[in-house]
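Reviewing the structure listed below.
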Amino acid sequence: MELGLVGLGKMGGNMRERIRRAGHTVIGYDRNPDLADVQGLEELVGKLQGPRVVWVMVPAGAPTQATIDELAELLEPGDVVVDGGNSRWTDDEKHAEQLAAKGIGFVDCGVSGGVWGLQNGYALMYGGDAEHVAKVQPVFDALKPEGALGAVHAGKVGAGHFAKMVHNGIEYAMMQAYAEGWELLEKVDSVTDVREVFRSWQEGTVIRSWLLDLAVNALDDDEHLEKLRGYAQDSGEGRWTVEAAIDHAVPLPAITASLFARFASRQDDSPQMKMIAALRNQFGGHAVEKK
């Protein structure tokens, strides 16, 4: 099938390549002309045969809104827009209503996989009407990991981004637990090789995970994380998860504490946040602050 892809950064660029490897045609647009296949959205839409599918991979908020506003004027009834960025789920309902007024479908899709997605595939959580999802299904199949798992039609519009938001909240808490354990191991004199303790946990333990593998990668690069500053950003989804928990009276003590720990990292050079920063860099290519 044909796909228009808007936003060709670290995620979008690799997604374009993975979709093309699956035999589909991708026409990509990015503000960076060195990355783009076309010079603008109008040219992108003009090169696609109807009914069109255009996937948006730009930052949440104003950039996503501006892109959808422009696409709403360029696309035709029967076309579908997919928001694959990290938009807040409450924005999805507004975007779906805006596009539906012109007969254009909308699907929201949470995407996980970071810089490893090209090789391993992307975990996909999408929401929207079944008829709109069906038009995008070949792209979902191309992006997802091999096998039966890795993709889910989570529900109605907004369900995909809500599921991804909760996924990221869990990720916050898991990384925090590894970071706290690492700092404690580093503090005691009796443990002489913390890196190898972490490595030993990769097999046979109940806490083995891909995040643990990435922690070992980070420690192989910098055994005591001495090159990093203990400062970790948050993408916004951790905050949204805690806000949703408050709205629905669901207790989330571990996720909430992990979010607050990131806030604390901006006040001093936290050893735990060195591990958080290292993990975020390992799985997502997120920037780190060097000492």
Side-chain angles (χ1 to χ4, degrees), residues 3-16 19 26-32 35-45 48 52-75 79-114 117 122-129 132-133 135-136 139-140 143 154-169 233-241 243-244 284-286:
L3 177 74
L5 182 57
V6 183
L8 302 171
K10 284 181 290 190
M11 286 279 282
N14 281 344
M15 288 168 62
R16 174 175 61 176
I19 297 166
V26 182
I27 300 171
Y29 169 68
D30 193 274
R31 291 185 301 173
N32 182 348
L35 302 176
D37 302 315
V38 294
Q39 296 182 352
L41 293 183
E42 185 173 2
E43 184 181 357
L44 180 147
V45 170
L48 296 171
R52 305 171 185 85
V53 176
V54 178
W55 189 302
V56 179
M57 284 295 293
V58 302
T64 294
Q65 185 64 62
T67 303
I68 288 177
D69 288 345
E70 189 171 351
L71 288 172
E73 300 304 318
L74 294 171
L75 294 173
D79 295 342
V80 174
V81 172
V82 182
D83 179 4
N86 284 331
S87 293
R88 189 166 183 161
W89 83 97
T90 50
D91 291 340
D92 295 325
E93 297 173 356
K94 295 184 292 184
H95 294 154
E97 183 178 352
Q98 175 186 356
L99 293 168
K102 294 180 176 289
I104 302 166
F106 178 81
V107 174
D108 64 287
C109 183
V111 181
S112 181
Y122 297 88
L124 306 172
M125 297 142 270
Y126 37 92
D129 295 344
H132 300 148
V133 169
K135 292 180 180 179
V136 192
V139 176
F140 292 148
L143 288 171
K156 299 181 290 186
V157 164
H161 280 143
F162 194 94
K164 176 59 163 51
M165 177 195 73
V166 174
H167 165 282
N168 281 25
Q233 277 288 3
D234 65 286
S235 62
E237 289 171 303
R239 301 183 190 211
W240 301 341
T241 305
E243 289 170 2
H286 299 291

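Bear in mind that the values here come from a model prediction, so they are computed numbers and not experimental data.
Taken from OG1 in T67 to CE in M57, the straight-line distance is 12.0 Å, to the nearest 0.5 Å. Here the straight-line distance linking atom CZ of R16 with atom CD1 of I27 works out to 11.0 Å at 0.5 Å rounding. Between atom CZ of residue R239 and atom CG of residue N168 there is a gap of 14.0 Å, rounded to the nearest 0.5 Å. Summarising the geometry, atom CG belonging to L5 is positioned 9.0 Å from atom CG belonging to D37; distances are rounded to the nearest 0.5 Å.
The aromatic rings of F140 and Y126 sit parallel, their planes meeting at an angle under 30°, below the 60° perpendicular limit.
Not a single donor-acceptor pair under 3.5 Å links the side chain of D92 to the backbone N or O of D108. H167 places no side-chain N or O within donor-acceptor distance of the main-chain N or O of G110, the cut-off being under 3.5 Å. Although no hydrogens or angles enter the test, the distance criterion places no donor-acceptor pair under 3.5 Å between the side chain of N86 and the main chain of A60. Looking at K164, its side chain never comes within 3.5 Å of a backbone N or O of S112 through a donor-acceptor pair.
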Practice task
Would you please test E93 and R88 for salt bridge (Lys or Arg N to Asp or Glu O under 4.0 Å) and show each step?
Solution key: CA-CA 10 Å; E93 297 173 356; R88 189 166 183 161; over 6 Å; no
Practice task
Take T64 and H95 through the test side-chain contact (heavy atoms from CB on, under 4.5 Å) and record every step on the way to the result.
Solution key: CA-CA 10 Å; T64 294; H95 294 154; 3.9 Å; yes
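A donor-acceptor contact closer than 3.5 angstrom is absent between the side chains of S87 and D91.
V54 is not listed as a side-chain neighbour of D79, based on a closest heavy-atom distance of 4.5 Å or more.
Applying the side-chain hydrogen bond (donor to acceptor under 3.5 Å, both in side chains) rule to N14 yields no partners; only residues at least two apart in sequence or on another chain are considered. When the side-chain hydrogen bond (donor to acceptor under 3.5 Å, both in side chains) test is applied to D129, no partner is found at least two apart in sequence or on another chain. Checked against side-chain hydrogen bond (donor to acceptor under 3.5 Å, both in side chains), Q98 has the following partners two or more places apart in sequence or in another chain: Q65, D69.
Within 6.0 Å of the CD atom in E43, the count of heavy atoms belonging to other residues, nucleotides or ligands exceeds 12.
Y29 approaches L41 most closely through the heavy-atom pair CD2-CD2, 3.8 Å.
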